[in-house]
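First comes the structure, then the notes that go with it.
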2 protein chains.
Amino acid sequence: MFKNNDFIYIEYTARVKDTGEIVDTTNEEEAKKANIYDETRSYGPRLVILGENRLIKGLEEALYNFNLNEEKTIEIPPEKAYGERDNNKIRIVPLGELRRQGITATPNKVLRLADGNLAVIRSVSGGRVVLDLNHPLAGRTLVYTVKVVKVLENARDKIFALIERRFSSKYSNSFNVELDDSKKNVRITVPKELYLLEDLQIGIYSLAYEIINYVLPEYTVEFVQQYSKTTFSSS
Amino acid sequence: MFKNNDFIYIEYTARVKDTGEIVDTTNEEEAKKANIYDETRSYGPRLVILGENRLIKGLEEALYNFNLNEEKTIEIPPEKAYGERDNNKIRIVPLGELRRQGITATPNKVLRLADGNLAVIRSVSGGRVVLDLNHPLAGRTLVYTVKVVKVLENARDKIFALIERRFSSKYSNSFNVELDDSKKNVRITVPKELYLLEDLQIGIYSLAYEIINYVLPEYTVEFVQQYSKTTFSSS
């Protein structure tokens with residue numbers, strides 16, 4: 001049994017109930033077998049902070065009732081996954097309009113629209129294309145096989161987990177974290193390799209927010225950058 | 001007499017020797033009278049770090065031989081100001097080409113070209129425009145009336161001068177600077193109002209470079225951001 005703000009790591013594979021089709025998985029081999037391998041994401045156990053609401057509702061709710069190393073298969077209805085289908089989200093557009101955008105219209109093709117949403121081409125005929133703007137998994141009941149493989153217990157591990165999620169794991173080990181419980185202070189030294197990273201400041205800001213929100217609400221979180229002559233001579 | 005890395009503040013007015021025309025000044029009233037007032041810059045004494053080479057060569061060289069509160073008038077030949085004129089930088093372009101760029105060509109008009117350089121329209125006739133890509137002050141001997149009005153003596157004042165030059169003076173007083181000479185360490189706390197400033201990180205990086213380069217070469221410069229629950233509740 002877990003509670004709000006617990007940091008757990010899960011492994012899972014998600015299937016559409018009707019078809020058995022795998023639509024998401026943390027297992028790299030499974031992803032490749034199911035032809036949904038995405039080289040831009042990292043596979044392996046995934047960090048979940050309970051209450052952060054980054055997962056579909058039904059999965060996150062269910063996780064509170066797991067124990068460490070427990071594996072369960074859970075069924076998630078559409079209203080706790082990607083919503084019911086909405087027939088108002090079916091649009092008919094002229095084939096020429098898609099052609100002008102360089103899109104070859106073939107049935108079942110998934111498009112990313114200008115607003116970032118996904119659409120599925122349902123049919124193409126007579127110069128008309130039926131576009132379905134419902135999420136591709138809307139209306140589907142999903143079946144997740146989930147296992148909680150790790151639970152983080154102390155603040156230090158949680159802070160490193162957040163650092164690793166925010167910055168590449170290549171850099172996370174170079175962060176230095178000093179916890180002072182008597183002063184209620186965390187001092188985090190940022191590695192020099194990140195000083196010129198474009199999104200460093202928004203990374204620091206978000207990380208501070210997450211640490212205070214999920215790990216140490218009463219602490220001051222200090223981010224430190226240390227410069228010396230060698231910082232500039234080596235770059 | 002000043003030396004490399006001295007921090008001095010100067011007031012000056014620069015004139016073209018031939019015409020007496022004022023081309024630059026730190027005095028707001030003079031700027032307005034001379035019709036060169038620029039509301040995007042700040043007037044008043046200007047920080048100069050000797051050796052930083054932000055000024056025209058002849059002016060910076062001359063400043064080494066000033067004393068505090070001394071005012072002198074110095075003559076700077078083109079080769080130590082904006083260079084000699086180069087006749088290869090005269091171009092003839094069709095009037096239509098400028099029109100297409102929305103430019104009304106009138107003699108003596110100064111244009112900013114796509115590469116950021118300035119050009120002066122020397123003449124317009126028969127559908128042709130003579131463009132002069134020399135710096136508007138190239139070939140001119142300049143006469144500067146300069147006074148050194150302040151010299152910074154201690155590291156703390158120099159650091160604040162650099163902070164003020166880098167960030168708006170509205171924020172510079174909110175920086176906290178702790179100098180520890182025994183540990184050869186400077187700890188600079190960044191004010192919360194700047195945490196979401198777009199260029200904060202490049203500002204921190206540049207400031208660290210300047211402090212180490214011009215003020216405390218043997219020190220470690222720490223920049224600290226402090227977050228707590230209130231950081232996020234107030235924004």
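So you know, we letter chains A, B, ... as the sequences are listed, proteins then strands, and number each from 1.
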Would you call the rings of B/Tyr195 and B/Tyr227 parallel, tilted or perpendicular if under 30° counts as parallel and over 60° as perpendicular?
tilted
Using non-hydrogen atoms and a 4.5 Å limit, figure out which bit of A/Tyr209 sits close to chain B: side chain, backbone, both or neither.
both
Checking heavy atoms, do the side chain of A/Leu216, its backbone, both or neither come under 4.5 Å from chain B?
neither
Hey, is B/Glu70 close enough to B/Lys147 for a salt bridge, meaning N to O under 4.0 Å?
no
Are more than 12 heavy atoms from other residues, nucleotides or ligands located less than 6.0 Å from atom NZ of B/Lys57?
no
Scanning both residues in full, the closest heavy-atom pair of B/Asn27 with B/Thr25 reads N-OG1, 3.0 Å
Whatever's closer than 4.5 Å to a heavy atom in chain A on B/Ile211 counts as neither
